[in-house]
Amino acid sequence: MPSTIPPNVRCTLYLRAMLSDETYMQRCIDLARMGQGFVSPNPMVGAVLVHEGKIVGEGYHRRFGEAHAEVNAIADVKDQSILSECTIYVNLEPCAHHGKTPPCANLLVEKKLKRVVIGCPDPHSKVSGKGIELLKKAGIEVTLGVLQSECRELNRRFITFHERQRPYVILKWAQTKDGFLDRIRHDEEVGINWITSPETKSLVHKWRSQEQSILVGRRTIQNDNPMLTVREFSGSNPTRIVIDSQLQSGDELNIFSEDAPTIVFNRIKNEVRGNIEWIRIPETNTKHILDELYKRNILSVFVEGGSRTLQYFIIDNHWDEARVIVGNTTFGEGVKAPAIGKVPSRSYSFSTDTVHHYFRRWPL
């Protein structure tokens, strides 16, 4: 029977429904982001339950190994009897396999949800459409692809890891207004030649807390003796990674402290001692390093230097994002900053510095 609703009214109703789906999905994304730095190697996921146009429950994946977003959102609904009349919004396809927790897709079927709106499919081989198929077979209406680009951007680390079989790589460095990373070192001179403002350090430490690992070359730890922790921000320390092919770094350096695990890629030995692991690889190049990190389920790596290490990642096209901080200072001469060869996707001021963000490929 033909619809009695005029075409212009049907179009308006359709647009309102689309806007409604997008609004709730944006809420999922906002909730999911609250788990950043705590859920890896799992993805960030938020869930929102809607009944008759009102949010009746919401939740997000708070910490790795704990309940998933869908479980928390369902538990948040005061009147469980209305679940069969609810729509659940989730930014990533519900899991369909047993991991640290039971499958979320099974839970949605068990609770007889009316409709499931999904931002993007899960590329993990154990899910990859299986959650969607399970829901459809149970007779649940499934809508896929709402704010898909935004949902993929949110979990770009997780998606890159599973689609490209390597960690998501972020390059970061600070350079002077005249394009230098460091001054010329004389007579084994050590210590950090600061380029950026003290306030910017807290921003960098926040960035560190959002990644699973942080990587530097041997010269960086010998020249600067960094701790590579998140002292200026409340969060978890990333796993520290050093490229030291001939094991020339002394045990007294800060990177070998007990503040965080440390991995040393080298061409000499495999050994584990306390929180330090030495991993022997045939060549200390970017591919071998990323392959080893992939095997260890490390989703992201934050490359902080030095100049040669950063340039190798750029030359090999093994990077996804770059964050370049330009300080309000000049050196006149020194170690030249790497060349990224792209226009920044966005730039902004932070304290007295300027931050440029680059993306090698976009969208994912």
Side-chain angles (χ1 to χ4, degrees), residues 20-51 54-80 82-83 86-111 113 115-124 126-127 131-132 135 142-162 168 206-207 209-212 233-236 238 297 299-300 364:
S20 178
D21 281 352
E22 291 177 353
T23 299
Y24 295 129
M25 189 58 69
Q26 184 58 56
R27 177 59 180 163
C28 287
I29 293 170
D30 294 340
L31 287 166
R33 193 172 282 114
M34 294 170 69
Q36 187 168 30
F38 300 100
V39 300
S40 293
N42 283 353
M44 292 176 280
V45 182
V48 173
L49 276 154
V50 177
H51 181 254
K54 295 181 180 179
I55 294 177
V56 293
E58 56 183 29
Y60 67 97
H61 186 30
R62 295 173 178 271
R63 191 174 292 274
F64 177 70
E66 295 183 4
H68 287 188
E70 297 93 326
V71 176
N72 290 330
I74 287 172
D76 192 44
V77 178
K78 292 180 180 178
D79 182 2
Q80 294 281 303
I82 65 171
L83 286 175
C86 288
T87 294
I88 188 168
Y89 294 81
V90 61
N91 58 286
L92 189 71
E93 176 184 0
C95 61
H97 67 287
H98 282 271
K100 293 280 186 182
T101 60
C104 292
N106 287 22
L107 176 65
L108 302 185
V109 170
E110 176 192 327
K111 299 297 182 180
L113 270 294
R115 180 176 176 237
V116 179
V117 181
I118 300 168
C120 66
D122 187 331
H124 195 301
K126 292 183 178 179
V127 185
I132 295 169
L135 294 170
V142 176
T143 301
L144 179 65
V146 176
L147 295 186
Q148 179 163 292
S149 178
E150 291 86 345
C151 291
R152 284 177 62 85
E153 189 276 336
L154 171 72
N155 278 310
R156 58 193 184 276
R157 297 160 181 82
F158 180 81
I159 287 170
T160 296
F161 183 83
H162 289 286
Y168 186 84
K206 177 183 178 180
W207 289 345
S209 75
Q210 295 171 346
E211 311 308 329
Q212 271 190 278
F233 188 80
S234 177
S236 301
N297 216 25
L299 267 62
S300 64
L364 287 176

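The model shown is predicted, which means the values in this text are computed figures rather than measured ones.
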Interatomic distance, Asn91 atom CG to Cys120 atom SG [nearest 0.5 angstrom]: 7.0 Å

Pro123 side chain reached by Phe158 side chain, heavy atoms, under 4.5 Å: yes

Minimum heavy-atom distance Val56-Cys86, with the two atoms named: CG2-SG, 4.1 Å

Stepwise side-chain contact (heavy atoms from CB on, under 4.5 Å) test for Val50 and Arg27: CA-CA 12 Å; Val50 177; Arg27 177 59 180 163; over 6 Å; no

Side chain proximity check, Val71 to Leu107, heavy atoms < 4.5 angstrom: yes

Straight-line distance of Gln36 CD to Lys206 NZ, nearest 0.5 Å: 8.0 Å

Glu211 side chain near Arg157 side chain, heavy-atom distance below 4.5 Å: yes

Closest heavy-atom pair and its distance - Pro121, Gln148: CD-OE1, 3.9 Å

Point-to-point distance, once rounded to the nearest 0.5 Å, from CG of Leu92 to CG of Asp122: 4.5 Å

Tyr89 side, atom OH; Arg115 side, atom CZ - distance, nearest 0.5 Å: 4.5 Å

Side-chain touch Leu108/Ile74, heavy atoms, less than 4.5 angstrom: yes

Validation row: Lys126, Cys95 side chains within 4.5 angstrom (heavy atoms): no

Test item: Arg156 side-chain N/O and Glu153 main-chain N/O as donor-acceptor pair under 3.5 Å: yes

Minimum side-chain heavy-atom gap Pro43-Leu299 below 4.5 Å: no

Contact summary for Val77 and Gly57, nearest pair of heavy atoms: CG2-CA, 4.0 Å

Arg33 and Leu154, any side-chain heavy atoms less than 4.5 Å apart: yes

Closest non-hydrogen atom pair between Ala105 and Pro94, with its separation: N-CB, 3.9 Å

Side chain to side chain, Leu113 and Leu135, heavy atoms closer than 4.5 Å: no

Pair His68-Asn42, side-chain contact (heavy atoms from CB on, under 4.5 Å): steps then yes or no: CA-CA 10 Å; His68 287 188; Asn42 283 353; 4.0 Å; yes

Sidechain-backbone polar pair: His61 side chain, Gly46 backbone, donor-acceptor under 3.5 Å: no

Nearest-0.5 Å distance, CE of residue Met44 to CD1 of residue Ile29: 10.5 Å

Between Tyr60 and Asn72: side-chain donor-acceptor atoms closer than 3.5 Å: no

Nearest-0.5 Å distance, CG of residue Leu49 to CD of residue Glu70: 9.5 Å

Heavy-atom pair with the smallest gap, counting every atom of Leu147 and Gln26: CD1-N, 3.7 Å

Lys54 versus Tyr24, closest heavy-atom pair with distance: N-OH, 4.3 Å

